Amino acid sequence: MTTFKKFLVEANMIDGAWVGADSGETIEVRNPATDEVIGTVPNCGAGETGRAIIAAKNAFADFGQSDLSQRVKLLQDLHDALLDNQEPLAHLLTAEQGKPLFEARGEIAIGAAYIRWYAEEIRRAKGEIVPAPTNDRRLLVTHHPVGVVAAITPWNFPSSMLARKLGPALAAGCTVVAKPATLTPYSALAWAKLAEEVGYPKGVVNILTGSSREIGAAIMQSPDVRKVTFTGSTEVGKSLIRQSADTVKKVSMELGGNAPFIVFDDADIDAAIEGAMIAKYRNMGQTCVCTNRFYVQASIHDEFLRRLQAATADLNVGYGSTEGVQQGPLVNMPAVEKVEELIDDAVSKGGKIEQGGKRHPKGGTFFEPTIISGATSEMRFATEEIFGPLSAIFKFEDEDEAIDAANATEYGLAAYAFTKDMARAFRLNTKLQYGLIGINSGLITTVEAPFGGLKESGLGKEGGSQGLSDYLDTKYMCLAGL
Ligand SMILES: NC(=O)c1ccc[n+]([C@@H]2O[C@H](COP(=O)([O-])OP(=O)(O)OC[C@H]3O[C@@H](n4cnc5c(N)ncnc54)[C@H](O)[C@@H]3O)[C@@H](O)[C@H]2O)c1
Ligand SMILES: O=C[C@H](O)CS(=O)(=O)O
């Protein structure tokens with residue numbers, strides 16, 4: 001049995017010290033599968049946040065001017081430390097979030113890959129010398145770390161969502177104040193422990209737990225925080241964007257999704273079913289890029305539905321800590337109740353439950369992987385993010401109808417389509433209003449590519465070469481008198 005005790009840190013990291021809340025108050029952290037208390041974390045607020053921001057600002061004076069080679073070495077050591085501890089970190093992640101162990105291991109691995117990627121990318125953050133209009137001057141363009149960065153992250157991928165913020169921030173020479181979701185704090189606090197172990201100077205990485213509103217307000221009101229990088233719901237993202245105006249902070253937003261999954265009649269059905277299972281049921285459907293709406297062309301609808309039903313019925317539902325389990329519990333009871341509301345709404349409007357449809361016999365927040373056919377645009381799940389193991393099956397006749405239906409949402413994060421027609425693939429790339437488009441694949445996230453949404457799914461990119469620029473300020477210097 002792997003123990004994660006080393007990373008069960010019941011304290012916050014502020015200015016190089018592990019501390020509790022000024023009030024002494026704590027918050028319980030529960031295992032979604034068993035509802036047992038795993039431990040507690042400090043319930044910090046404005047005062048602790050102010051001290052963390054000052055610590056990050058003070059640390060930036062040196063870290064922001066540190067040698068590139070030093071920052072690269074620290075990132076390489078952080079990458080290695082993460083992989084050396086992959087097993088306990090994965091077990092910790094499963095304990096606090098519920099996802100199956102194989103997915104938790106994958107999340108730790110991609111987190112390490114983001115760190116390694118930015119250890120490499122920062123060495124290519126080149127400036128330029130621009131041809132001057134006259135010979136008495138040189139025009140130089142250079143890049144510099146923005147300064148103190150606030151990172152606010154969600155509960156569904158509590159480790160990798162912080163990795164793709166810490167990576168570019170630390171590579172650029174920024175310092176960080178991070179606030180994880182209250183439901184899943186330990187996977188984030190583990191990053192502070194690893195950063196401490198590999199030798200990051202005090203104040204470079206600060207991680208706080210507690211009142212989202214209090215900590216959030218203190219972050220947004222501070223002129224010393226020069227960038228906010230947020231991953232979470234569109235509703236909270238909009239609030240943070242509004243608050244950022246008061247001090248003109250840089251913002252990057254990774255927000256909600258409502259992914260269409262379009263299966264054309266020329267699709268490889270085996271590939272479409274394989275893609276559907278991962279695009280729908282990864283993290284029990286609690287993934288921003290999970291399929292929200294399946295659009296299946298009429299001539300293959302019944303075959304696809306039958307095959308999806310068989311694959312869904314085969315899913316192994318159980319405790320995420322049990323090897324071989326493919327679906328764990330939902331994160332909490334409100335998540336279960338939301339799925340139930342969406343099912344009741346769909347059935348009341350003519351939807352048919354083809355599979356599942358109710359709480360799992362395991363009880364608690366376990367829920368049966370569910371399929372509803374006869375879906376229509378009047379049903380709530382056509383426009384609301386499901387965030388659960390519920391497959392909504394819509395039927396369509398032709399390509400234009402599918403594209404129009406797919407785009408009928410304020411979201412624009414991920415979209416998927418299965419077709420052998422490459423001319424159609426390029427039409428879809430042009431016409432689908434989404435930042436991420438998977439053709440014949442249901443799992444497209446990778447560190448090499450820019451991840452981010454259009455419309456109300458976000459601002460900015462994470463990963464790829466594009467993910468670094470948000471942590472750099474670009475300056476122009478005119479060097480005259482030569
Ligand atoms: N686009 C992406 O990359 C991506 C990735 C993961 C999750 N998400 C989205 O996140 C949502 C699920 O995550 P969630 O439930 O944690 O989202 P959430 O918006 O409720 O919370 C996200 C984070 O913001 C904090 N927060 C909440 N209210 C705040 C406030 N007023 N001020 C400051 N911080 C505040 C929370 O404590 C948490 O740390 C879904 O909509 C999902 O699509 C998007
Ligand atoms: O939930 C959203 C995450 O960004 C999912 S992914 O692991 O990055 O695809």
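For ligands, and for the atoms within them, numbers begin at 1 and follow the listed sequence. Being a predicted model, the structure only gives us computed values, none of them experimental.
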For this session: List in chain and number order the residues that pass side chain to side chain donor-acceptor pair (under 3.5 Å) with T312, two or more places apart in sequence or in another chain; answer none if no residue qualifies.
Result: Y281
Report the nearest protein non-hydrogen atom to [atom]: residue, atom name, distance rounded to 0.1 Å.
{"atom": "atom 43 (O) of ligand 1", "value": "E385 OE2, 2.5 Å"}
{"atom": "atom 1 (N) of ligand 1", "value": "L255 O, 2.8 Å"}
{"atom": "atom 24 (O) of ligand 1", "value": "F230 CE1, 3.2 Å"}
{"atom": "atom 35 (C) of ligand 1", "value": "S212 CB, 3.6 Å"}
{"atom": "atom 30 (C) of ligand 1", "value": "V236 CG1, 4.0 Å"}
{"atom": "atom 3 (O) of ligand 1", "value": "R164 NH2, 2.9 Å"}
{"atom": "atom 20 (O) of ligand 1", "value": "S233 OG, 4.1 Å"}
{"atom": "atom 13 (O) of ligand 1", "value": "P154 CB, 3.4 Å"}

In terms of atom number and element, which parts of ligand 1 are under 4.0 angstrom from non-hydrogen atoms of [X]?
{"X": "M161", "result": "5 (C)"}
{"X": "L413", "result": "1 (N)"}
{"X": "N156", "result": "6 (C), 7 (C)"}
{"X": "R213", "result": "31 (N)"}
{"X": "T231", "result": "2 (C), 3 (O), 4 (C), 5 (C), 6 (C), 7 (C), 22 (C), 44 (C)"}
{"X": "G216", "result": "33 (C)"}
{"X": "F387", "result": "12 (C), 40 (C), 42 (C), 43 (O)"}
{"X": "G256", "result": "41 (O), 43 (O)"}

Exercise. Within the structure, does K179 bring an N/O atom to less than 3.5 angstrom of an N/O atom in ligand 1?
Worked result: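 Yes, K179 has an N/O under 3.5 Å of an N/O on ligand 1.
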For this session: Would you check the N or O atoms of T153, main chain and side chain alike, for any that come under 3.5 Å of an N or O of ligand 1?
Result: yes
Exercise. Of P185, A181, A259, C288, which has the heavy atom at the shortest distance from atom 8 (N) of ligand 1?
Worked result: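 Going through P185, A181, A259, C288 one by one, C288 has the nearest heavy atom to atom 8 (N) of ligand 1.
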Problem set entry | Of the listed options L183, V228, I152, closest to atom 25 (C) of ligand 1 (non-hydrogen atoms) | I152
Problem set entry | Chi angles and distances behind the side chain to side chain contact (heavy atoms under 4.5 Å, CB included) call for D270, E274 | CA-CA 6 Å; D270 291 330; E274 182 184 353; over 6 Å; no
Looking only at side-chain N and O atoms, does [Y] offer a donor or acceptor that is under 3.5 Å from a partner on [X]?
{"X": "E196", "Y": "W18", "result": "yes"}
{"X": "S252", "Y": "T229", "result": "yes"}
{"X": "S457", "Y": "K455", "result": "no"}
{"X": "E410", "Y": "N258", "result": "no"}

Exercise. According to the salt bridge (Lys or Arg N to Asp or Glu O under 4.0 Å) rule, which pairs have a member within residues 169-185, sequence neighbours left out?
Worked result: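 Passing the test, one end in residues 169-185: no pairs.
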Exercise. Less than 4.0 Å between atom 16 (O) of ligand 1 and some protein heavy atom, yes or no?
Worked result: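 Neighbour list for atom 16 (O) of ligand 1 includes protein heavy atoms (cut-off 4.0 Å).
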Validate the cation-pi geometry between [X] and [Y]: distance from NZ or CZ to the six-membered ring centre under 6.0 Å, angle to the ring axis within 45°.
{"X": "K280", "Y": "Y416", "answer": "no"}
{"X": "R359", "Y": "F366", "answer": "no"}
{"X": "K227", "Y": "Y471", "answer": "yes"}

For this session: Run the ring-centre check on Y434 versus Y411 and record whether the distance is less than 6.0 Å.
Result: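 Ring-ring flag for Y434/Y411: false, centres at least 6.0 Å apart.
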For this session: Taking the six-membered ring for Trp and the single ring otherwise, decide whether the centroids of W117 and F451 are under 6.0 Å apart.
Result: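 No.
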For this session: Could you tell me which residues satisfy salt bridge (charged side-chain N to carboxylate O under 4.0 Å, His left out) with D404, sequence neighbours excluded, listed by chain and number?
Result: none
Exercise. Is ligand 1 less than 4.0 angstrom away from at least one heavy atom of W155?
Worked result: yes
Exercise. Does some non-hydrogen atom of P180 fall short of 4.0 Å from ligand 1?
Worked result: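 Contact check P180 vs ligand 1: positive.
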For this session: Can you establish whether the number of heavy atoms outside E340 located under 6.0 Å from its atom CD is more than 12?
Result: yes
Problem set entry | Within 6.0 Å of CD in E448, more than 12 heavy atoms from elsewhere | yes
For this session: Using the six-membered ring wherever Trp is involved, compare the ring planes of F394 and Y295 and label them parallel, tilted or perpendicular (cut-offs 30° and 60°).
Result: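 Answer is tilted, since the angle falls between 30° and 60°.
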Exercise. ring-ring contact (aromatic ring centres under 6.0 Å, His included) between Y186 and F4: does it pass, once the steps are laid out?
Worked result: CA-CA 10 Å; Y186 291 123; F4 48 71; 8.2 Å; no
Exercise. Who are the residue neighbours of ligand 2 when the rule is a heavy atom under 4.0 Å from any of its atoms?
Worked result: N156, F157, M161, R164, R282, T287, C288, V289, T445, F451
For this session: Report the part of E462 in contact with ligand 1, treating N, CA, C, O as backbone and CB onward as side chain, heavy atoms under 4.0 Å; options are side chain, backbone, both, neither.
Result: neither
